[in-house]
**Q** 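Just dropping this structure here.
Positions are given from 1, in the same order as the sequence printed here.
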Amino acid sequence: MKLTDKRLMILLIAFHAVMLALFVCIVTSGVLLRWRLGYVIFWLAALSGMAFYFIRKNNISKIYSICWIGLSVVGVIVTLVNYDSVYCETDKYIMKEPSEIIGFDSAILYEKKGLLEIEKQRYKGVYPHSMTPLDSIGAIVIHGDFANGEDLEKGVAIPPLGDSFDKEKAKEYARNHNIEYGR
């Protein structure tokens, strides 16, 4: 092994260790990274783990690489099952479809904070097309489809945005903008 090969191996091990540590931190803390960066970190850890097969020629590194190939197959399945599509977003908030297989929530509101998406509120029977946050009254105006028993109907709703929801101001806003309140 040449000196450059040793440096390449050290860089690969360091890169893989950092990506693996980041991925473990993300999974154990339950944070959601913006722009699907959690998936990117997993795939960088997986690909760097698989690279040991080609760089290192001993049996332990080949077995380690084969394990990462197996984890990657599981990762593809998890990625496809947990993919959460975006309904709509503003500069501060993003409304996504839940990624759970079994769940009753139809939309989840996240607040964008740097690289993180912090869950603010879950909504049932709401399929938004657009939204307008009203931070001053703790409400959000959602334009979209709403579950009405068996059917979906188009409409507008003003549900709570968080704990600072002011019901009276939300009713006043609804009256001033010709929105039926109480959905």
**Q** Taking only residues two or more places apart in sequence or in another chain, which ones pass side-chain contact (heavy atoms from CB on, under 4.5 Å) with Phe15?
**A** Met19, Leu44, Ser48
**Q** Please report the interatomic distance NZ(Lys171) to CD1(Ile137), rounded to the nearest 0.5 Å.
**A**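 Atom-to-atom, Lys171:NZ and Ile137:CD1 are 12.5 Å apart.
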**Q** Do you know which two heavy atoms are closest between Gln121 and Pro160, and how far apart they sit?
**A**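 For Gln121 and Pro160, the tightest heavy-atom pair comes out as CG-O, 3.8 Å.
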**Q** Should the pair Phe23 and Phe42 be assigned to parallel (<30°), tilted (30 to 60°) or perpendicular (>60°) ring geometry?
**A**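 Geometry flag for Phe42 against Phe23: tilted rings.
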**Q** Nearest heavy-atom pair of Asp91 and Lys112: which atoms, and what distance?
**A**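 So the two residues come closest at O-CD, 3.7 Å.
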**Q** Would you say Val78 and Trp68 are hydrophobically clustered, going by side-chain heavy atoms of ILVMFWY under 4.5 Å?
**A**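 Looking at the clustering, Trp68 is in a separate group from Val78.
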**Q** What distance do Glu89 atom CD and Met131 atom CE have between them, rounded to the nearest 0.5 Å?
**A** 7.0 Å
**Q** Spell out, as yes or no, whether a donor-acceptor pair under 3.5 Å connects the side chain of Tyr93 to the backbone of Cys88.
**A** no
**Q** Looking at CD1 of Ile158 and CD1 of Ile140, how far apart are the two atoms once the value is rounded to the nearest 0.5 Å?
**A**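 Spacing of CD1 (Ile158) from CD1 (Ile140) equals 11.0 Å.
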**Q** Rounded to the nearest 0.5 Å, what's the gap from CD on Glu172 to NE2 on His177? Could you check?
**A** 10.5 Å
**Q** Treating Ile, Leu, Val, Met, Phe, Trp and Tyr as nodes and any side-chain heavy-atom pair under 4.5 angstrom as an edge, say whether Leu11 and Tyr53 lie in one connected cluster.
**A**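 Unlinked, Leu11 and Tyr53 end up in two clusters.
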**Q** Closest heavy-atom contact between Gly38 and Ile26?
**A**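 Shortest heavy-atom contact: CA-CD1, 4.5 Å.
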**Q** Are Ile118 and Val27 connected into the same hydrophobic cluster when the rule is that any two of I, L, V, M, F, W, Y join if their side-chain heavy atoms are below 4.5 Å apart?
**A**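 Yes: a chain of side-chain contacts under 4.5 Å links Val27 to Ile118.
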**Q** Should we say atom CG of Leu80 is surrounded by more than 12 heavy atoms from elsewhere, each under 6.0 Å from it?
**A** yes
**Q** Grab the two heavy atoms, one from Pro159 and one from Ile142, that are nearest each other, plus how far apart they are.
**A** CG-CD1, 3.7 Å
**Q** Would you say that Phe146 contacts Val126 through its side chain, given a criterion of any heavy-atom pair below 4.5 Å between the two side chains?
**A** yes
**Q** Considering only heavy atoms from C-beta outward, does the side chain of Val156 approach that of His143 to under 4.5 Å?
**A**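 Yes; the side chains approach each other to less than 4.5 Å.
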**Q** Does the side chain of Val141 come within less than 4.5 Å of Leu134's, by heavy atoms?
**A** yes
**Q** Ignoring hydrogens and geometry, is there a side-chain-to-backbone donor-acceptor pair from Ser65 to Gly49 under 3.5 Å?
**A** yes
**Q** Is it the case that Tyr173 and Asp166 place a side-chain donor and acceptor less than 3.5 Å from each other?
**A** no
**Q** Would you say Ile63 and Phe52 are hydrophobically clustered, going by side-chain heavy atoms of ILVMFWY under 4.5 Å?
**A** no
**Q** Please tell me whether Val18 and Leu71 are part of a single hydrophobic cluster in this structure, the criterion being side-chain heavy atoms less than 4.5 Å apart.
**A**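 Shared cluster, yes.
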**Q** As an exercise, state the distance from CG of Leu12 to CG of Leu47, rounded to the nearest 0.5 Å.
**A** 11.0 Å
**Q** What distance do Ile94 atom CD1 and Glu119 atom CD have between them, rounded to the nearest 0.5 Å?
**A**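 It is 13.0 Å, given to the nearest 0.5 Å.
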**Q** Taking C-beta and beyond as the side chain, do Tyr110 and Leu116 meet within less than 4.5 Å on heavy atoms?
**A** no
**Q** With side-chain contact (heavy atoms from CB on, under 4.5 Å) as the test, would you mind laying out the steps for His129 and Asp145 before giving the verdict?
**A** CA-CA 8 Å; His129 299 282; Asp145 298 324; 3.2 Å; yes
**Q** Using every non-hydrogen atom in the two residues, find where Val86 and Arg36 come nearest and quote the distance to one decimal.
**A**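 Closest approach of Val86 to Arg36: CG2-NH2, 4.4 Å.
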**Q** Taking Ala147's backbone N and O only, do any of them form a donor-acceptor pair with Lys124's side chain (distance below 3.5 Å, no angle check)?
**A**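 Pair absent, no side-chain N/O of Lys124 close to backbone of Ala147.
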**Q** What heavy-atom pair brings Ala107 and Pro128 nearest, and what distance separates the two atoms?
**A**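 The pair with the smallest heavy-atom distance is CB-CD, 4.0 Å.
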